[in-house]
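Chain letters run A, B, ... following the sequence lines, proteins first and then strands; every chain starts at 1.
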Amino acid sequence: MSWNQDSAQKVDSGSKWISAGVEEWMALQETWKRHLVLEPEDLSLTVDMERLFEAFPLIGGLDITPDKKRDNIAYVGLVIMSSKSLEVKYCQTHRATLQTPYVPGFLGFREAPALINAVESLKKEKSDCFPQVLLVDGNGILHPRGFGSACQVGLSLNLPTIGVAKSLLNVDGLNISQIKEQICQQGKRWMPLFGSSKNVLGAALLSNEYVKRPIFVSIGYRIKLLEAINLVFHTCRYRIPEPIRIADQISRQASNRNFC
DNA sequence: GCGACAG
DNA sequence: ATCTTGTCGC
C-alpha cells in the first residue's frame, strides 16, 4: 500500500486555518489533494460483495445538524453498522462548536473537525465498533478542487471515506438536468460522472426503483469508486444510505432536544 | 460582470 | 442547513 502514513498530521497541523480566509483554504485543499492516491478506475469490473464485506465489515455514517438558535453549535450523529447485515452496532450524538462559517466549496472547514472528533472519541470509547469505512454527508473528489469534506475527514483520520451528496455541486460542466435525462433513458440505476477532463469524478445513483432524484457518490479517501457505489447501494433502504440517514435522525433529535 | 454554489 | 401541509404510493 502506498498510502502516506503521516497524512493525518499534515491535515491536523492546520488549526491555523480556523482564522484563515478562502484564499488560504483553497491553497490547503490543493495541498491536501496531493495526498490522495487516485487509482485508475475500471467501471466495467464486477464487484465481489462478500470480499467487500470482508474488507469493510463495519461501516459508519456521519451527519451534522446545526443548532436552531446558536450559529456556532451543532450536533454530530455517528452510526456504525454491520455493512453486510445493516445491524446497528453503535449510535451516538456529540455536541460540537463550529469554528468557521459555511462557504460553498469549503464545507469541510466547517464540519470536518466536529466529525473527526466524534470518530476519534469512538476509538477510545468503544474500539470494537471502530469502522473500516465512513459515509460522509457531502462530496469526496466531486468538488471544484477535487477535495471535498469526505476527503478532508478521510485524510485526517487516515480512514477510507465515501462522499454522499443529496444535490449536485456544479463542477466541470456537470449539469443536473442532463444527468437526470441520461440516467433515465439508459434504464440504469447509476451512471458515472465524467468531468470535461474525462476523469471519473463520481457517480449519480438512483438508490432504489422508486427514487427519482439521484444521490451523488464520490470517493473520499482510500477506496475505489466501484466499491463505494456497491457499498452505498447495499446500505440504501431509502434514498439516503442507512448509516447517514440514521445519523441525520439522531443529530436532528439532539438539535431539537437542546433547543427547548 | 453574472450566475451557481455539498451542508 | 432551515421555513412548511397535504397528499400520493409502496
Runs of at least three consecutive pairs that involve DNA chain B, where pairs are Watson-Crick or G-U with distances under 3.5 Å: none
Geometric class of the A/Phe109/A/Trp32 ring pair [parallel <30°, tilted 30-60°, perpendicular >60°]: parallel
Whole-Å distance separating the CZ atom of A/Phe106 from the C1' atom of B/dG7: 14 Å
Flag for A/Tyr90-A/Glu125: side-chain donor and acceptor within less than 3.5 Å: yes
Atom-to-atom span, CG of A/Asp137 to P of C/dT2 - whole angstrom: 11 Å
Atom-pair distance (CD1 on A/Ile176; P on B/dA6), nearest Å: 12 Å
Side-chain N,O (A/Ser167) to OP1/OP2 (B/dC5) below 4.0 Å: no
Interatomic distance, A/Asp71 CG vs B/dG7 P [rounded to whole Å]: 18 Å
Between B/dA6 (C1') and A/Ile240 (CD1): distance, integer Å: 12 Å
Phosphate-side-chain proximity, A/Arg110 and B/dA6, N/O vs OP1/OP2 below 4.0 Å: no
Selected nucleotide, minimal atom distance to A/Asp63 side chain, candidates C/dA1, B/dG7, B/dA6: B/dG7
Over 12 non-hydrogen atoms of neighbours within 6.0 angstrom of CG in A/Asn175: yes
Nearest-nucleotide pick for A/Leu169, side chain only, options being C/dA1, B/dA6, B/dG7: B/dA6
Touch class at under 4.0 angstrom, heavy-atom based, for A/Ser149 against every strand present: base
A/Lys166 vs B/dG7: side-chain N/O to OP1/OP2 distance below 4.0 Å: yes
Co-members of A/Leu107 in a cluster of I, L, V, M, F, W and Y side chains, linked at under 4.5 Å: A/Tyr102
Spacing between A/Leu115 atom CG and B/dG7 atom P, to the nearest angstrom: 13 Å
Length of the CE-C1' vector between A/Met26 and B/dC5, whole Å: 12 Å
Residue pairs passing the side chain to side chain donor-acceptor pair (under 3.5 Å) test where at least one lies in residues 129-145 of chain A, sequence neighbours excluded: A/Gln29-A/Arg145, A/Asp137-A/Lys166
Short side-chain donor-acceptor distance under 3.5 Å, A/Asp67 and A/Ser255: no
5′-ward residue of the pair A/Asp248/A/Tyr210 relative to DNA chain C: A/Asp248
Protein-nucleotide distance (A/Asn170, atom CG; B/dA4, atom P), rounded to Å: 9 Å
A/Arg245 with A/Glu242: basic N within carboxylate O range, under 4.0 Å: yes
